[in-house]
Amino acid sequence: MPMKKYIVTGATSGVGEALVKSFKGEDVQIVAIGRNEGKLEKLKAFMPSYQCITVNIDLCEVESIKEKITPYLDEVDGFVHCAGFNKLTSLRKASYDLYLKMMNVNYFSFAELVRLITLKKSKERRLRIIGISSCASVTGLKSNYIYASTKAAMDAFVRNVALDLAPQNVEINTLQPSYIDTPMLSDIKEVYGSDFGDVVLKRQGLGLISVDDMVEEIRFLLNKKSTKVSGTAIKINAGLTF
């Protein structure tokens, strides 16, 4: 079988990094997108030389994405948007700049990459796209309204654009995890302090989701034999009801 080619954002930390590393030694080529050059170099050194292409893109600068990613858009089999940014803040302390930064990283960059990748693909080639959304898009959490809005935007985009992309042999979905054990969780821990256990852990009966759990779900969607799941948000709830 020919080598698969996947584009992964957020490739230098958390779920994205774990996903890229999970393909080590397999017949898969990864285009790993991140903004920390040092971490990209370490990731490239970890992977066999034929397997990993690193691209330094600051997803806050959506207008720069096209020029930087276009050389790598031929024959893409999958795109996984793992990049994410969150900062809990009260409405009084929020700013337009914070709204825009979070929307650029979490949603606008995803939408732009979907547009660029699908414009380049041939109709015959199957393409699978996965956006890492969040339970935040459908649940409430104090001071989390900006992040939640960006994830709700991603879910709505996928739900609708799936109809546009279906004739092009594209399946596009989001994963809606509850709380994942990544560095991003530290902001929630800081805000809730000693109440974190009651706010999160007691509600999520199966405990925090590991990055390995997320990798398994992503790889399943990339490789599943079924072709009839598209335009939906798939919950990974670890027992949290939402």
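Basis for what follows: all heavy atoms, side chains included, without hydrogens, waters or symmetry-related copies. All residue numbers in this chain count up from 1 along the given sequence.
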Given F79 and Y6, is the side-chain contact (heavy atoms from CB on, under 4.5 Å) satisfied, shown in steps? CA-CA 6 Å; F79 165 45; Y6 300 139; over 6 Å; no

Test side chain to side chain donor-acceptor pair (under 3.5 Å) on Q176 and S137; report intermediate values, then the result. CA-CA 8 Å; Q176 256 183 12; S137 72; 3.1 Å; yes

Carefully, step by step, assess K4 and D27 under the rule salt bridge (charged side-chain N to carboxylate O under 4.0 Å, His left out). CA-CA 7 Å; K4 296 283 189 181; D27 288 332; over 6 Å; no

Is there a side-chain contact (heavy atoms from CB on, under 4.5 Å) between M102 and S149 once you walk through the steps? CA-CA 10 Å; M102 216 177 295; S149 299; over 6 Å; no

Residues I209, D181; criterion side-chain contact (heavy atoms from CB on, under 4.5 Å); working and verdict: CA-CA 6 Å; I209 299 168; D181 191 10; over 6 Å; no

Take D77 and R128, measure what salt bridge (charged side-chain N to carboxylate O under 4.0 Å, His left out) needs, and give me the verdict at the end. CA-CA 6 Å; D77 298 286; R128 287 171 168 165; over 6 Å; no

Could you go step by step and tell me if V20 and M47 meet the side-chain contact (heavy atoms from CB on, under 4.5 Å) rule? CA-CA 9 Å; V20 173; M47 302 290 285; 4.2 Å; yes

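Both M154 and V170 sit in one connected hydrophobic cluster of ILVMFWY residues. Membership requires side-chain heavy atoms under 4.5 Å apart, directly or through other members. Taken together through direct or relayed side-chain contacts under 4.5 Å among Ile, Leu, Val, Met, Phe, Trp and Tyr, L88 and L100 form parts of separate hydrophobic clusters. The cluster map of Ile, Leu, Val, Met, Phe, Trp and Tyr, joined by side-chain heavy atoms under 4.5 Å apart, puts L40 and Y72 in different clusters. A continuous path of Ile, Leu, Val, Met, Phe, Trp and Tyr side chains, each step under 4.5 Å between heavy atoms, connects L222 with F220, placing both in one hydrophobic cluster.
In this structure, S109 contributes its side chain and N104 its backbone to a donor-acceptor pair below 3.5 Å. Under a 3.5 Å cut-off, the side chain of Q51 and the backbone N or O of E26 do form a donor-acceptor pair. A donor-acceptor contact shorter than 3.5 Å is absent between the side chain of T12 and the backbone of G34. A donor-acceptor pair under 3.5 Å is absent between the side-chain atoms of N160 and the main chain of F157, judged by distance alone. With hydrogens and angles disregarded, no donor-acceptor distance shorter than 3.5 Å links the side chain of E61 to the backbone of S64. Between the side chain of Y145 and the main chain of L91, a donor-acceptor pair closer than 3.5 Å is present. The closest donor-acceptor contact from the side chain of N173 to the backbone of G131 lies at 3.5 Å or more, if one exists at all.
Separating the CZ atom in R115 from the CD1 atom in I65 is a distance of 10.0 Å, to the nearest 0.5 Å. The distance from atom CG of L59 to atom NZ of K68, rounded to the nearest 0.5 Å, is 9.5 Å. Distance CD/Q29 to SG/C52: 9.0 Å, rounded to 0.5 Å. Expressed to the nearest 0.5 Å, how far CZ of R159 lies from OG of S230 amounts to 12.5 Å. Atom NZ of K44 sits about 8.0 Å away from atom CD1 of I53, to the nearest 0.5 Å. The distance from the CD1 atom of I130 to the CE atom of M214 is 9.5 Å, given to the nearest 0.5 Å.
For K66, the NZ atom counts as loosely surrounded, since its 6.0 Å shell holds 12 or fewer non-hydrogen atoms of other residues, nucleotides or ligands. E63 CD: more than 12 foreign heavy atoms inside a 6.0 Å radius. Within a 6.0 Å radius of OH in Y96, other residues, nucleotides and ligands contribute 12 heavy atoms or fewer. Atom NZ of K101 has 12 or fewer neighbouring heavy atoms from other residues, nucleotides or ligands inside a 6.0 Å radius.
Under 3.5 Å, the side chains of S133 and D155 contain a donor-acceptor pair of N or O atoms. Remark: the N106 side chain and the N86 side chain contain no N/O donor-acceptor pair separated by less than 3.5 Å. Judged by distance alone, the side chains of N169 and E124 never bring a donor and an acceptor atom under 3.5 Å apart.
When all heavy atoms of L19 and R219 are compared, the pair lying nearest together is CD1-CG, 3.9 Å. Across all non-hydrogen atoms, the minimal contact from K21 to F46 is CG-CE2, 3.5 Å. Considering every non-hydrogen atom in both S134 and K151, the closest pair reads CB-CG, 3.8 Å. Between T118 and Q168, the shortest heavy-atom contact is O-OE1, 3.6 Å. Taking every heavy atom of both residues into account, K224 and E171 meet most closely at NZ-OE1, 2.8 Å. Contact detail for S178 and L240: the closest heavy-atom pair is CB-CD2, 3.5 Å.
Within the 4.5 Å cutoff, the side chain of V8 has heavy atoms near those of the C82 side chain. Looking at heavy atoms from C-beta onward, V80 lies out of side-chain contact with I7 at the 4.5 angstrom threshold. Proximity of V105 to C60: side-chain heavy atoms (C-beta onward) are separated by under 4.5 Å at one or more points. The closest side-chain heavy-atom distance from F110 to V158 is below 4.5 Å. Between V114 and I129 there is a side-chain heavy-atom pair separated by less than 4.5 Å. Between V15 and I218, some side-chain heavy-atom pair lies under the 4.5 Å cut-off. Residues Y179 and L141 have side chains in contact (heavy-atom distance under 4.5 Å, counting atoms from C-beta outward). The side-chain heavy atoms of K235 and C135, taken from C-beta on, include no pair separated by under 4.5 Å.
With ring centers used as reference points, F85 lies 6.0 Å or more from Y147.
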